[in-house]
Amino acid sequence: MSRDGGTPDGWRVPQAPLGSSWRLSGRLWPTQREDPADAEAVSHKLAVRAGLVRQLAAGLYTIMPMGLRVLKRVERIMREEMDRIGAQEMLMPIMQPADIWEATGRYGLAEQYRFEDRSGRPMVLGMTHEEIITWHAAREIRSYRELPQMWYQIQTKERDEPRPKAGMLRVREFVMKDSYSLDRDEAGLEASYAAHSDAYARIFDRSGLVWYRVESDVGMMGGSGAHEYMAPSPAGEDVIARTADDSYAANVELARSVARDPDFGAAPAAPEEFATPGIGTIEELSAFTGLEPARLAKSVVVVADSGPVLCLVRGEHQLHEKKLAHIVGHHRAAHPEEIQEWFGAEPGSLGPVGLDGRVRVIADETIARGHYVTGANRDGFHLRGVVLGRDFQAETADIRTVLAGEGSPVDGRPIELVPVIEVGNIFKLGTKYSDPLGARYLDQDGREHAIVMGSYGIGPARIAMAAIEQGHDEHGIIWPRAIAPFDVHMVLIGDAESPQAEYAGRLYEQLSGLGLDVLLDDREGMSPGEKFVEAELLGCPLRITIGRRTLPEGPLEVQVRRGRERRDVPLEGAAYAIHRLWLSIG
RNA sequence: CGGGACGUGGCGCAGCCUGGUAGCGCACCGCCUUUGGGUGGCGGGGGUCCCCGGUUCGAAUCCGGGCGUCCCGACCA
């Protein structure tokens with residue numbers, strides 16, 4: 001399932017006004033003419049240039065007043081939608097006693113900030129709040145009559161990221177809307193999960209994002225099921241596999257596909273060894289043999305806790321580490337000396353035939369069909385016509401990465417790969433946290449059960465950054481209407497005593513009275529050109545220019561930021577006309 | 001954690017190779033000019049050249065160590 005950023009039928013998409021307008025003079029709004037030298041992502045460059053954020057250190061950003069307006073609007077949307085499904089807002093500490101994390105086995109994670117208080121008690125800074133919410137549930141919930149519950153907060157998270165990057169997209173400290181559902185049973189969890197799914201759809205739609213909901217790996221959260229909400233962007237760190245009609249969408253970390261088979265031709269009666277001097281890579285082997293990579297089997301050796309594992313995938317595919325980890329657990333690449341010992345050959349000439357049983361062999365499921373060229377476990381030689389089951393034995397599993405153009409596992413439609421920003425996720429936790437922390441309730445018959453939980457997160461700053469990634473041009477940001485810092489940006493040309501200023505002040509009050517958030521650029525000593533350039537950099541939906549040409553007859557020049565199209569509005573009834581125009585744009 | 005790059009007024013950069021006066025654009029201050037697309041002119045203020053140590057008569061520049069930031073990879077609710 002996915003939606004694009006439009007307004008779904010029947011859904012009202014109200015604005016999320018802050019109910020406050022600004023006169024710019026005297027305020028802190030530090031814009032920059034040039035991109036920051038370190039910035040790579042468009043959202044990073046524009047967020048800094050438009051005066052929304054300033055960097056304090058790696059992965060640590062101060063949100064400037066203009067940027068905070070955007071986040072407040074996103075948060076208002078989130079509050080409205082969470083409240084709509086009956087969730088209650090609360091606020092839990094960032095600083096937390098370590099022993100609660102020890103109970104769930106999550107104390108000591110590499111990204112966790114740990115320290116001691118003055119009395120020596122081990123503390124952590126919260127990466128998330130499952131432990132704390134469950135700790136409270138264990139103390140406050142006694143009876144089935146008190147379930148279900150949904151609790152949420154909008155609170156800072158702290159994670160010692162190995163590598164902060166892409167401006168605000170991966171940081172060490174960030175605000176998250178995190179919510180948690182408490183249910184009696186699995187059926188209750190399904191209902192809470194569905195309610196969140198609906199709320200999240202509304203939040204991302206109202207925020208004006210193009211987004212997809214995809215199947216995801218449960219990762220360190222654990223639990224029985226999970227989805228991620230992904231906003232397509234070249235700056236994204238994740239990749240999803242999806243079909244054009246959204247009949248299938250999944251994170252590539254677990255995406256499956258139907259590979260198309262090459263024309264294998266008849267297999268020889270037995271493998272045939274042939275010389276391949278100096279051939280080490282799939283590319284070289286493909287060129288040397290004249291066979292397409294899909295007819296070559298790639299051998300990758302890893303060392304799991306249980307011992308060496310030979311992994312076979314077709315030449316066109318990559319071994320997928322996470323899929324493999326689901327089968328063999330933690331593992332590492334093998335050292336050259338180990339490979340020499342187990343195979344008697346260099347990494348470029350390895351294969352599954354004739355191994356002595358010390359090595360576990362796992363073949364990708366595609367290898368079960370056809371016959372392949374593999375290494376001969378003899379330097380400078382390969383085998384052709386190698387058939388799984390006849391010439392070697394192996395477990396088969398899906399251990400390959402998905403390729404663009406392969407078929408969807410649902411109906412075979414072609415898959416495309418899309419880089420995305422993860423803007424939210426939802427998890428079915430089950431009793432993973434309620435069991436160790438003793439969050440239980442009594443049912444009607446007086447029997448004790450563990451509370452069945454779900455956890456749901458959204459990053460407001462990521463929504464804002466994804467919106468910039470998806471909405472900008474060479475002049476600056478183009479905000480979605482609902483999360484723009486202001487609805488209307490008025491450019492005043494003229495000093496404080498001018499008739500223009502007097503008129504601008506009246507219009508400012510009228511527009512604010514209609515519920516619009518208005519920014520009035522009443523700064524003096526700035527050229528009109530500078531004000532125009534900064535207005536387009538900031539990217540509010542509408543820009544109004546008030547100068548000598550405006551008075552006394554008008555018209556009022558209004559620019560729609562998206563497309564930079566000019567609309568003229570008569571002075572008579574201007575405020576209403578502008579409000580209507582604002583309503584009419586996306 | 002592996003690999004690479006960078007660190008010089010607030011921002012963006014040059015200078016470094018070949019050691020000796022720290023420079024440019026923007027921003028900032030003053031005066032004038034200008035008032036519908038980052039106006040134009042004149043005059044100014046501001047820099048521990050990331051830090052520590054070494055070489056040298058002399059270090060932004062050469063050498064060693066450290067720190068910081070970014071990028072690629074690994075990692076990542």
Side-chain angles (χ1 to χ4, degrees), chain A residues 30-41 44-45 48-49 51 54-60 104 106 109-112 126-131 157-167 169-172 174 176-180 216-223 226-229 235-238 251 253 321-322 325 330-333 421-429 432-433 454-459 462 475-476 491-495 498 500-501 521 523-537 543-551 556-557 559 564 566:
Chain A
T31 59
Q32 283 182 192
R33 192 177 293 235
E34 293 175 274
D35 288 335
D38 286 337
E40 206 69 26
H44 185 194
K45 292 175 182 174
V48 172
R49 285 188 54 208
R54 285 292 182 267
Q55 184 174 19
L56 175 66
L60 296 174
T104 59
R106 294 210 297 179
L109 294 177
E111 293 78 24
Q112 190 171 51
M127 315 168 58
T128 173
H129 282 76
E130 277 81 13
E131 274 77 0
K157 310 295 181 217
E158 305 280 350
R159 297 180 189 178
D160 196 357
E161 291 286 347
R163 189 184 159 201
K165 61 192 286 197
L169 287 178
R170 177 161 293 278
V171 292
R172 294 191 288 176
F174 60 98
M176 173 184 273
K177 188 291 301 173
D178 48 320
S179 48
Y180 307 88
S216 76
D217 199 18
V218 295
M220 83 174 192
M221 298 296 307
H227 289 84
E228 289 167 325
Y229 292 80
E237 296 187 277
D238 290 290
N251 194 312
E253 291 179 357
E321 299 291 340
K322 287 202 173 179
H330 177 260
H331 60 276
R332 61 168 171 83
I421 297 167
E422 181 185 351
V423 289
N425 51 35
I426 57 180
F427 293 89
K428 294 176 188 171
L429 298 176
K432 177 180 157 91
Y433 295 89
S455 132
Y456 317 86
I458 298 184
R462 281 200 176 174
H475 302 284
V491 172
L492 168 61
I493 303 167
D495 59 31
S498 62
Q500 301 94 278
D521 188 353
R523 294 174 297 179
E524 299 197 35
M526 282 186 79
S527 72
E530 274 179 290
K531 291 190 174 187
F532 290 137
V533 167
E534 292 196 346
E536 285 173 9
L537 179 60
R543 188 190 77 194
I544 301 175
T545 304
I546 297 164
R548 284 184 183 156
R549 294 182 199 165
T550 314
L551 302 175
L556 207 52
E557 182 191 324
Q559 186 206 58
R564 301 172 81 219
R566 176 176 168 166

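Lettering of chains follows the sequences in order, A, B, ..., and the numbering in each one begins at 1.
For the P atoms, the distance from B:G45 to B:G53 is 32 Å, rounded to whole Å.
Residue-level contact check: A:Tyr180 touches neither bases nor backbone, having no heavy atom under 4.0 Å from any strand. Nucleic acid contact for A:Arg543: base, since at least one base atom lies under 4.0 Å from a heavy atom of the residue. Residue A:Asp35 is in sugar-phosphate contact alone, with no base atom involved, counting any heavy-atom pair closer than 4.0 Å across all strands shown. Residue contacts shown for A:Ala57 are limited to sugar-phosphate atoms, with no base heavy atom under 4.0 Å away. Residue A:Lys157 is in base contact, counting any heavy-atom pair closer than 4.0 Å across all strands shown. Residue contacts shown for A:Arg566 are absent, as no nucleic acid heavy atom lies under 4.0 Å away. A:Ala166 comes within 4.0 angstrom of the backbone, heavy atoms only, and of no base. The residue A:Glu321 sits apart from the nucleic acid: no heavy atom pair falls under 4.0 Å. Within 4.0 Å of A:Gly457, counting heavy atoms only, lies no atom of the nucleic acid at all. Within the 4.0 angstrom heavy-atom criterion, base atoms lie near A:Glu534. Contacts of A:Thr550 with the nucleic acid, taken as non-hydrogen atoms under 4.0 Å apart, include base atoms.
Phosphate proximity of B:U35 to A:Arg548: absent, as no side-chain N or O sits under 4.0 Å from OP1 or OP2. Under 4.0 angstrom from either OP1 or OP2 of B:U35 there lies no side-chain N or O belonging to A:Gln500.
Between the side chain of A:Arg163 and the base of B:C1 there is no donor-acceptor pair of N/O atoms closer than 3.5 Å. Donor-acceptor pairing under 3.5 Å, judged by distance alone, is present between the side chain of A:Glu34 and the base of B:G25.
Rounded to an integer number of Å, the gap from CD of A:Glu161 to C1' of B:C70 is 16 Å. If you measure from atom CD of A:Glu40 to atom C1' of B:C70, you get 8 Å, rounded to the nearest angstrom.
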